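Only a predicted model underlies this, so the values are computations on that prediction, with no experimental measurement involved.
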Amino acid sequence: MKVLLATDCYLFQTGGVTSVVTSLENGMRKNGCEVKVLALSNSNRSYREGDSYFVRSHRFPDYPEHRFSLAMHDPLLDELMEWNPDIIHIHTEATAGWMAQIIAKKTNTPVVMTTHTDFEYFMFGRFRGLPIIQTLFGVWGKRAYRIAEKVIVPAEKARDFPHLRPLRDKVVVMPNGIQLDCYQKPVSSEEKSELFSRYGLRDNGYTLVMVTRVSKEKNIMEILQFFPDLLRVLPEAQLVIVGEGPDRKRLENYCAQKGLSDRVRFTGRIPPEEVYRYYAMGDLFVSASTFELHSMSYLEAMACGLPLVCREDSCLQGVLENGENGFSYRDEQEFIDAVEKILESDELRSRMSAEALKRAEASGNRYFVERTLALYQAVCSSYESGAC
């Protein structure tokens with residue numbers, strides 16, 4: 001099967017979409033598929049590296065780590081049309097997705113799309129429930145996904161998003177998967193010591209780690225606001241925030257104002273192939289986000305054997321079981337109690353670590369790729385028979 005994956009987020013960005021695309025790309029090749037990736041370059045130049053096609057692009061003013069392109073006519077697109085894929089899987093609704101739709105129309109190829117983002121929350125936050133906003137997103141969703149035979153969502157939570165409501169008959173729930181071998185690598189005590197030294201911290205058994213895009217919708221500020229009270233209970237606690245984003249400066253300034261700079265470290269962007277080392281710094285993983293659908297960082301943390309402490313949200317269904325591989329919390333006191341319970345009990349932490357590894361195994365890439373390929377085959381069969 002010839003599969004074209006289209007995405008605005010690829011090798012130049014870290015994050016969940018990039019992880020999902022690379023997981024599918026590598027997994028499908030292992031299953032004998034011929035895979036090409038249509039993505040945006042990190043410059044105003046189009047080029048090809050192997051089976052990855054990078055179309056010239058520009059930076060977004062407010063999100064410089066993200067790119068957009070106006071190049072709807074490019075020799076690379078002509079080359080992909082000549083290749084004539086059997087199915088196209090679009091992972092981002094912006095410009096790479098538009099290019100892929102052009103290819104689909106010219107080659108009469110069926111399309112599957114995945115929605116990775118709660119757009120209403122991302123753009124309007126607490127105002128997303130206003131009827132006018134829900135109506136507008138319903139109209140947009142109908143248009144944005146009109147070419148798709150099926151729309152994949154990684155969690156049940158997404159079924160009720162306003163932009164997907166008009167598409168209920170197309171929606172398929174399929175949890176994400178991760179490449180376990182990318183995270184389950186040994187990290188020597190010397191390597192860990194070097195990382196702790198690099199950031200002026202100690203390997204003291206009280207390290208919280210967060211791997212995330214550093215942006216407002218991730219609600220990182222909540223953890224920082226909880227931290228002074230956590231330190232009164234656990235004076236040795238320290239937090240490592242792994243990632244980059246537009247909210248970093250504001251959060252660093254807050255830490256400086258509150259005297260937290262010696263206990264909270266921001267690493268900035270880390271190459272994806274190095275992230276497993278930073279999970280190894282942690283004794284548990286924390287997140288305050290309610291923006292997630294099926295967070296890759298939760299799965300990655302579990303693959304590294306970390307218990308989770310996350311703000312209660314429906315995205316945790318099937319991922320976090322209270323008291324088994326971590327705790328969900330609803331307020332500051334529940335957060336502090338959860339962190340204290342795990343970090344003050346070697347027995348509990350060990351048990352939760354084992355359970356995290358067990359649950360991560362069920363989210364391995366093999367199962368994810370098998371389910372996705374089965375969907376591709378069903379879509380292609382229906383498309384050829386005219387049933388779609």
Quiz prompt | Neighbour count above 12 (heavy atom, 6.0 Å) for Gln317 CD | solution = no
Quiz item: Is Glu274 reaching over with its side chain to a backbone N or O of Ile270, donor-acceptor style, under 3.5 angstrom?
Solution: no
Self-check item: Counterpart residues, salt bridge (charged side-chain N to carboxylate O under 4.0 Å, His left out), relative to Asp229 (two or more places apart)
Solution: Arg232
Self-check item: hydrophobic_cluster_shared for Tyr254 and Val240, side chain cutoff 4.5 Å
Solution: no
Quiz item: Is a salt bridge present between Glu292 and Lys157, judged by a nitrogen-to-oxygen distance below 4.0 Å?
Solution: no
Exercise. For residues Gly205 and Leu343, report the shortest heavy-atom separation together with the two atoms involved.
Key: O-CD2, 3.9 Å
Quiz item: Under 3.5 Å, is there a donor-acceptor pair between the side chain of Asp247 and the main chain of Val214?
Solution: no
Quiz item: Do Tyr53 and Glu79 pass the side-chain hydrogen bond (donor to acceptor under 3.5 Å, both in side chains) test, and can you show the C-alpha distance, the side-chain angles, and the key distance before you say yes or no?
Solution: CA-CA 10 Å; Tyr53 291 67; Glu79 193 174 326; 3.1 Å; yes
Quiz item: If you draw a 6.0 Å radius around NZ in Lys2, do more than 12 non-hydrogen atoms from other residues or ligands fall strictly inside?
Solution: yes
Practice problem: Using modelled atom types only, decide if a donor and an acceptor are shared between the side chain of Thr109 and the backbone of Ile88 within a distance under 3.5 Å. | Solution: no
Quiz item: With no hydrogens and no angle check, is any side-chain donor or acceptor of Asp74 less than 3.5 Å from a backbone partner on Leu76?
Solution: yes
Exercise. Report yes or no: does Asn42 contribute a side-chain atom to a donor-acceptor pair with the main-chain N or O of Phe54 at less than 3.5 Å?
Key: no
Quiz prompt | Pairs meeting criterion ring-ring contact (aromatic ring centres under 6.0 Å, His included) with involvement of residues 330-362, two or more places apart | solution = Phe226-Phe335, Tyr329-Phe335
Quiz prompt | Smallest separation among heavy atoms of Ala338 and Val309, with atom names | solution = CB-CG1, 4.0 Å
Quiz item: So with a 6.0 Å cut-off around CZ of Arg146, is the heavy-atom count from everything else above 12?
Solution: yes
Quiz prompt | Trp98 side-chain N/O to Glu93 backbone N/O, donor-acceptor pair under 3.5 Å | solution = yes
Practice problem: Dump the intermediate steps for side-chain hydrogen bond (donor to acceptor under 3.5 Å, both in side chains) on Ser52 and Tyr10, then the final yes or no. | Solution: CA-CA 10 Å; Ser52 298; Tyr10 192 43; 3.1 Å; yes
Quiz item: Honestly curious: do Ile102 and Tyr145 fall in one hydrophobic cluster under the side-chain, below-4.5 Å linking rule?
Solution: yes
Quiz item: Is there a side-chain contact between Leu316 and Leu308 (heavy atoms, below 4.5 Å)?
Solution: no
Self-check item: Atom of Met296, atom of Ser19 and distance for their closest heavy-atom approach
Solution: CE-CB, 3.8 Å
Quiz item: What is the minimum heavy-atom distance between Ser363 and Leu299, and which atoms define it?
Solution: OG-CD2, 3.7 Å
Quiz item: Is there a donor-acceptor contact under 3.5 Å linking the side chains of Tyr298 and Ser287?
Solution: yes
Quiz prompt | Side-chain heavy-atom pair Arg349, Leu284 within 4.5 angstrom cut-off | solution = no
Practice problem: Tell me, yes or no, whether the heavy-atom count around Arg250 atom CZ, taken from other residues, nucleotides or ligands under 6.0 Å, exceeds 12. | Solution: yes
Quiz item: Do the side chains of Val319 and Tyr279 join up, straight or via other hydrophobic residues, at under 4.5 Å, putting them in one cluster?
Solution: yes
Exercise. Tell me, please, which residues at least two apart from Cys255 pass side chain to side chain contact (heavy atoms under 4.5 Å, CB included).
Key: Leu224, Leu260, Ser261, Val264, Phe266
Quiz prompt | Under the salt bridge (charged side-chain N to carboxylate O under 4.0 Å, His left out) test, residues paired with Arg45 that sit two or more places apart | solution = none
Quiz prompt | Non-hydrogen side-chain atoms of Leu24 and His91 separated by less than 4.5 Å | solution = yes
Quiz item: Distance-only, no hydrogens or angles: does the Glu324 side chain make a donor-acceptor pair with backbone N or O of Glu355 under 3.5 Å?
Solution: no
Quiz item: Tell me, do Gln134 and Arg165 make a side-chain contact under 4.5 Å, heavy atoms counted?
Solution: yes
Quiz item: Is Glu370 salt-bridged to Arg366, cutoff N-O under 4.0 Å?
Solution: yes
Exercise. Verify side-chain contact (heavy atoms from CB on, under 4.5 Å) between Lys258 and Phe227, making sure each step is shown before the conclusion.
Key: CA-CA 10 Å; Lys258 299 296 182 180; Phe227 224 72; over 6 Å; no
Exercise. Please report the closest heavy-atom contact between Val112 and Leu375, naming both atoms and the distance.
Key: CG1-CD2, 4.3 Å
Quiz item: In the single-linkage hydrophobic clustering (I, L, V, M, F, W, Y; side-chain heavy atoms under 4.5 Å), do Phe285 and Met221 co-cluster?
Solution: no
Quiz prompt | Arg213 side-chain N/O to Lys218 backbone N/O, donor-acceptor pair under 3.5 Å | solution = no
Quiz item: Would a 4.5 Å heavy-atom cut-off, applied to side chains only, mark Met28 and Met1 as touching?
Solution: no
Exercise. Decide side-chain contact (heavy atoms from CB on, under 4.5 Å) for Thr114 and Val20; before the verdict, give the C-alpha distance in whole Å, the side-chain angles of both, and the deciding distance to 0.1 Å.
Key: CA-CA 10 Å; Thr114 294; Val20 170; 5.8 Å; no
Quiz item: For Arg198, does the CZ atom sit with more than 12 other heavy atoms under 6.0 Å from it, leaving out its own atoms?
Solution: yes
Practice problem: Flag yes if Met281 and Val187 sit in one hydrophobic cluster, no otherwise; membership is Ile, Leu, Val, Met, Phe, Trp, Tyr, and two members link when side-chain heavy atoms are under 4.5 Å apart. | Solution: yes
Exercise. Using modelled atom types only, decide if a donor and an acceptor are shared between the side chain of Lys170 and the backbone of Ala148 within a distance under 3.5 Å.
Key: yes
Self-check item: Minimum side-chain heavy-atom gap Asp51-Arg29 below 4.5 Å
Solution: yes
When the side chains of residues 176-184 are checked against the rest of the protein, which donor-acceptor pairs come out under 3.5 Å, sequence neighbours left out?
{"residue": "Asn176", "atom": "ND2", "partner": "His294", "partner atom": "O", "Å": "3.3"}
{"residue": "Gln179", "atom": "OE1", "partner": "Asn26", "partner atom": "ND2", "Å": "3.0"}
{"residue": "Tyr183", "atom": "OH", "partner": "Glu300", "partner atom": "OE2", "Å": "2.9"}
{"residue": "Gln184", "atom": "NE2", "partner": "Ala303", "partner atom": "O", "Å": "3.1"}

Exercise. Quick one: which residue pairs count as a ring-ring contact (aromatic ring centres under 6.0 Å, His included) with a foot in residues 340-379, not counting sequence neighbours?
Key: His89-Tyr376
Exercise. Measure the shortest side-chain to side-chain distance between Asp86 and Val3 over non-hydrogen atoms and say whether it is less than 4.5 angstrom.
Key: no
Quiz item: Name the one of Glu344, Gln238, Arg263 that satisfies side chain to side chain donor-acceptor pair (under 3.5 Å) with Tyr206?
Solution: Glu344
Quiz item: Ile241 and Thr212: which non-hydrogen atoms are nearest, and at how many Å?
Solution: CG2-CG2, 4.4 Å
Quiz prompt | Test item: Ser69 side-chain N/O and Arg56 main-chain N/O as donor-acceptor pair under 3.5 Å | solution = yes
Quiz item: Take atom NZ in Lys358; do more than 12 heavy atoms of anything else shown fall under 6.0 Å from it?
Solution: no
Self-check item: Within-4.5 Å side-chain heavy-atom neighbours: Arg159 and Leu164
Solution: no
